[in-house]
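Reading through the structure tokens given below for one structure.
FYI, the numbering just counts along the sequence from 1. Treat the numbers as computed from the prediction; the structure is a model and nothing was measured.
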Amino acid sequence: MKSTLYLRPVFHRLDERIRAHVLLCWLALLLIRVAERRTGTTWRTIRNELGRIHQVTLAGPAGRLQQTTRITDTQARLFKDCGVPMPPKMSGIQTTE
């Protein structure tokens, strides 16, 4: 489990923070296992493939917008298999008016 989640020592002193930390680690592992089962691939592959998606902010005299890099067929399949909507091609459009 530690190799999948890359856990490191965390020094919490309060009981509620320790419980919260353990709960968050457990939820992360649960989400990883769900994603692996739905896609039929390893978490490392999912993470590497989806980690290639970036969002950039483009600014010019007409305004600003945020654009997502082109989604590959493999990335689209991962989103579909996990039941997660794909990120929009463009968002956050602000015109200078």
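- No single ILVMFWY cluster, assembled from side-chain heavy atoms under 4.5 Å apart, contains both Leu30 and Leu24.
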Candidate pair Arg19 and Glu16, rule salt bridge (charged side-chain N to carboxylate O under 4.0 Å, His left out), full reasoning: CA-CA 5 Å; Arg19 282 189 203 98; Glu16 60 205 30; over 6 Å; no
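- Cluster annotation: Leu78 is connected to Val84 through the hydrophobic network of ILVMFWY side chains, with a link wherever side-chain heavy atoms come within less than 4.5 Å.
- Taking all atoms of both residues into account, the shortest heavy-atom contact from Glu36 to Trp43 is OE2-N, 3.0 Å.
- Nearest heavy atoms, Thr68 versus Pro87: CG2-CG, 4.1 Å.
- Heavy atoms from other residues, nucleotides or ligands lying under 6.0 Å from CZ of Arg77 number more than 12.
- With a 4.5 Å cut-off on side-chain heavy atoms, Arg47 and Ile32 do not count as touching.
- Shown here for Ile71 and Ala76, the closest heavy-atom pair between the two residues is CG2-N, 3.7 Å.
- By the rule that hydrophobic residues join a cluster once side-chain heavy atoms approach within less than 4.5 Å of another member, Leu58 and Met90 end up as members of one cluster.
- Under the 4.5 Å side-chain heavy-atom criterion for Ile, Leu, Val, Met, Phe, Trp and Tyr, Leu14 and Val22 are members of distinct hydrophobic clusters.
- Ile46 and Leu31 fall into different hydrophobic clusters, defined by Ile, Leu, Val, Met, Phe, Trp and Tyr side-chain heavy atoms under 4.5 Å apart, directly or through other members.
- The structure places SG of Cys25 at 9.5 Å from CG of Leu27, a figure rounded to the nearest 0.5 Å.
- More than 12 non-hydrogen atoms from other residues, nucleotides or ligands lie less than 6.0 angstrom from CG of Asn48.
- Under the 4.5 Å side-chain criterion, counting only non-hydrogen atoms from C-beta, Thr39 is in contact with Cys82.
- Counted within 6.0 Å of NZ on Lys89, heavy atoms from surrounding residues, nucleotides or ligands total more than 12; the atom is thus considered enclosed.
- For Arg37, there are no side-chain contact (heavy atoms from CB on, under 4.5 Å) partners two or more places apart in sequence or in a different chain.
- Remark: the backbone N or O of Arg64 is not paired with any side-chain donor or acceptor of Gln94 at under 3.5 angstrom.
- Under the 4.5 Å side-chain criterion, counting only non-hydrogen atoms from C-beta, Thr69 is not in contact with Arg52.
- Separating the NZ atom in Lys80 from the CZ atom in Arg38 is a distance of 13.5 Å, to the nearest 0.5 Å.
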